[in-house]
Amino acid sequence: MVKAVVGEETQLKSIEDRLSQSRFPVQAGLVIGKISSPLERGFVFDLVPTPPNDAGEPACSLLETVKDEKKKGSKPKSQAADSPSLVIDDDWVAEHARQVARMLVGGMKVVGIYIWVTNDVFKNSTIMLSQSIKGVAEATPLLQTDREERLLIHISYSPIRWTCRSCTWTSNTTSSSLQPCDFKMGRVLTSLQTFKCTYNFNLRLLVCHESASNLQTLSDILRQGISHHAKELKDAKAVIDGNLVLNDEPCTLDGVHEVELLLPFMKDTYTEACSRKDALGVLVFSGSVHAFAYLNSKEAISQAVSDIKGDIITSLQSRLDIICDDAYGDVWPKNDISPEASDGTSTDKPVSQLVLHLLRKECSLPFPRRVFVPWLAGTYICDYLQPSETLEVLKDHCVELLSMEAPADASTILEPEIEAPSLVTKSFWDVANPFHSVSSLPLEKSGGHAREENRKESTKSDNVNVRAAIFFLLLSILVGFVLYVVRRSR
Amino acid sequence: MIGAVTDLNNTREVQFFRTRSENSRSLELVTSVVYDEHPEKHIWETGCLLRCELPIRLPVYFPAKNWPDAEKMYLRATEAVVAKFKDPQVVYVVETLSKASTGVPQPVILRGIELDFDTALSNIKLLGKDAHDSDPKFLSCAHFCLKSKSDRPILSAENADIIQLSVLLNSSEKSEKSSSPVAEYIPALEEAGLLAVNFKLGVLCYAAKEIPVMYAVSKLIIPGLVDQLNSMKNVILPNLLTKHPQLCPYHFNPPGVLHPITVIYELNYGETEMKQVDIRKSLHLRLGLPSDRPLLRIANALDFSTTNDSARNDTIRKGSTLLKDVHVGIPISGVPGGIVSLIQGSYEYYHYLQDSFNDSGWGCAYRSLQTIISWFRLQHYSSIDVPSHREIQQALVEIGDKDASFIGSREWIGAIELSFVLDKLLGVSCRVINVTSGAELPEKCRELALHFENQGTPIMIGGGVLAYTLLGVDYNEASGDCAFLILDPHYTGNEDLKKIVNGGWCGWKKSVDSKGRSFFLHDKFYNLLLPQRPNMV
């Protein structure tokens, strides 16, 4: 339960100025920050206005009950006496939250929404705002579930006043409670500690015979694999700047801290469920994730570790989401979806939607690479680039979604990940059993015997060579001897 | 290497020989041999134990129709594990295993890349006591041993300094340029199967405190892990596609052996199955251990669990904190020139009103039985819980000795019922001695003393009157003077040792005391139940 919230002074002041100079009667957007349950505190880094939707309509508007100037074509529900009623496009705000959350790194979250509106309107619309918050929460789950908590910041004008409420609910109930909490401005961003980590992984996901009713696409299997790996990662030990993390003290050192994650030695939990299964193939999911996490100086160091682990998993999920979003965006003939018609191998289908156990050939799905864009006060946000995309794409994202200025200098953008290598044809057996160097044990049925024969042949020819050499040696000795004898006899 | 030769016929003098290096073929006679009166003192003062537990779950893909290749895949997978132990990515976390929470040295990580596998063991530089280097590479084992050990005896493996090692994989090792994730699907061209093979490795090593931890890992722990993995691998191989044997290593420190030993047991079979018994018998034989003590049963394995709460859980499970071995330190019997014969091993004192169960007036034999069963438990002959009165009655009904109405009743039981229950619950057989009068009991003293020498189990005294537990006799063969060490289950107070001893609830009883009263009544009969120590290992 959050009792006090601190907002980043420099950022919020400029937002306040911007809002008071603007002539918008109303504005809604997302609160980016962090909620620390052990500290019972909230930290607000920035407020991001939700852009107009695809139809160009603002995310929220006021409906004047008298004038009835409808922008969204819906009738006002509450006929409050004087004050106009607030209308929020919940779905659009939630979608905005989903997109923004993808661009945030560890320790930074969409923690709620803000609203710029008069006191009267606000008082009449708290129930609706709670609904919007829930929509945002659904779109950006904060991993630790069962009890949800988000912030609702209200900026009222004439006079300008900031208030903050914490909105809490449990996952199984529909009712939520709004509790006012202490709000003040201070320095938040500059006191953040930075943690970074390169996480290399190499998962082998089993693709086995399934019943026809349970056809899994490539992305389904990946999603399962990622969520399974998340559990494994949770127990990983962490080394920060070369020291094992043991106690829960706040981190006192400045600078960027290097995190290394230590996983159990060869304790494959993915095969736990299957004692013995028939494998149709194996899905190798490997690569590196670069992760960041920001920690408030008052928080325990273990929080940074769990934030960075969360960032790794979120980054993988976000990338998969992006791939799937793009796939759904592409159109393919509706009748092709049924696997019978297409054998699940139709080339029209995006790779992520292929049904693997109908697919009898190799395929490869490169994930978008993560890039980091400088944000406020030396912090970074991230974005993902598909193999075909250039840095131009992320400028649009920054401007549109985070209403920040596009990075002028491309050199400030961090690109630690290189593009995934294209598929190299390997044999199933070389890939399936991990941790051994690719060697030439003959195993494939067709190729194997051939290789074995080759080997035999080579040893045979070796023998021949040796024999020939000995023969020549003997011959030369003999010839030498004969010559010697001949010469002596002369 | 050190070897020893002795001539059994002549001098029986032992001669020691040694080789200088691993490859050397020449033997040198060792001229100066020090025979330490307390070798364990030297061993545990200058060395410590290194412990590494490592569960491995190895997925193995294999061609379903090609058995030899499946075997090959399996062997290759295990070879890969062996290679992985020395991989630069591997991280060994070294920490002190200690019950104390303060003053414990900080754990240190050793990276696979820093380990040195090439230096011969004899060339390793030993570190002196004062060597203090912040570089983890040059920390000695002594660094992880507790400094304040003057206050406790450290003369056994249980109390030795233990360094715990865990093996982890670093998934953040730096590489030149890391590529973003990619998913590749590779279909199997032939029928393939996947099986998961479990290895539960547990290695215990002894290391001199002066050697650097780094070498303790590369020279002791890793070879130990490799050896264990290989032996487990070979056992699993014939059953690769059927049910895998469940192999689990246990560490024991049997009496007479200075260092702990490790035994790998197959847990798919019960401990009492003949196959397992035979294995234990041959181990006992090879180690020269007595063949009627369960020294290598799992219940006897060394327990390294760090936290104190495991002990606490234990007492919670037992429900109460019972007093153990209450006869230790009681006043002497006062038999002039007597030879004392006592039970061997520990027991728990069960008496009236324990566990808030009111059995005053009828439960003494039950309590005596509980004490006897606790003895069998504490000697690790059995791991069953000490049965309650009801469970004892249940057992008697189940064997048909009593009617169903007996359960929940307050009926007395006697020595014969006790023997039935011991047989049913523990498989323990008993000898019964009958005397028609209490006056005959002193005549049985020689027999009882013999029982305590050979069997060492607590005896239950039942019969016409009250039931007692007999823990020992003090007997002067020449004069016939004797005393009985009686543990009285009729005590109704709390678990206060002083009260118990002062009240005579546990003490030496002469058959005729100084006031001329007989402890055993002359007009009553007595049955003595002598549980026989199971002749098993």
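Letters go in sequence order (proteins before strands), and every chain restarts at 1. The analysis underlying the following values was restricted to heavy atoms, covering all of them including side chains, and did not include hydrogens, waters or symmetry mates.
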Residue part contacting chain A, namely of [X], when any heavy atom lies under 4.5 Å:
{"X": "B/Ile56", "result": "both"}
{"X": "B/Phe199", "result": "neither"}
{"X": "B/Val90", "result": "side chain"}

Calculate, to the nearest 0.5 Å, the distance between atoms [atom1] and [atom2] belonging to [X] and [Y] respectively.
{"X": "A/Arg204", "Y": "B/Leu194", "atom1": "CZ", "atom2": "CG", "answer": "12.0 Å"}
{"X": "A/Leu218", "Y": "B/Glu184", "atom1": "CG", "atom2": "CD", "answer": "11.0 Å"}
{"X": "A/Asn200", "Y": "B/Asn170", "atom1": "CG", "atom2": "CG", "answer": "8.5 Å"}

Under 4.5 Å from any heavy atom of chain B, what part of [X] do you find: side chain, backbone, both or neither?
{"X": "A/Leu261", "result": "both"}
{"X": "A/Leu316", "result": "side chain"}
{"X": "A/Leu263", "result": "both"}
{"X": "A/Val284", "result": "both"}

Margin query: Among residues at least two apart in sequence or on other chains, which ones pass salt bridge (charged side-chain N to carboxylate O under 4.0 Å, His left out) with A/Asp307?
Written below: A/Lys34
Note to self: Using the salt bridge (charged side-chain N to carboxylate O under 4.0 Å, His left out) criterion, which residues pair with B/Glu53? Sequence neighbours excluded.
What the structure shows: B/Arg51
Next item on the list: Kindly check if the number of other-residue, nucleotide or ligand heavy atoms within 6.0 Å of NZ (A/Lys196) is above 12?
Entry: no
Note to self: I'd like to know whether CD1 of B/Ile113 has more than 12 heavy-atom contacts from other residues, nucleotides or ligands below 6.0 angstrom.
What the structure shows: no
Measure across [X] and [Y] and return the closest heavy-atom pair with its distance rounded to 0.1 Å.
{"X": "A/Leu205", "Y": "B/Tyr61", "result": "C-OH, 4.4 Å"}
{"X": "B/Pro107", "Y": "A/Leu244", "result": "CB-CD2, 4.0 Å"}
{"X": "B/Ser180", "Y": "A/Phe367", "result": "OG-O, 3.4 Å"}

Can you find a heavy atom in the side chain of [X] that is under 4.5 Å from one in the side chain of [Y]?
{"X": "A/Val239", "Y": "B/Arg111", "value": "yes"}
{"X": "A/Phe265", "Y": "B/Val81", "value": "yes"}
{"X": "A/Val259", "Y": "B/Ser172", "value": "no"}
{"X": "B/Ser171", "Y": "A/Phe201", "value": "no"}
{"X": "A/Arg319", "Y": "B/Pro181", "value": "yes"}

Next item on the list: Pick whichever of B/Val167, B/Val93, B/Val197 has the most heavy-atom pairs under 4.5 Å with chain A.
Entry: B/Val167
Margin query: Using a 4.5 angstrom heavy-atom cutoff, name the option from A/Pro264, A/Gly281, A/Gly242, A/Cys197 with the most pairs to chain B.
Written below: A/Gly281
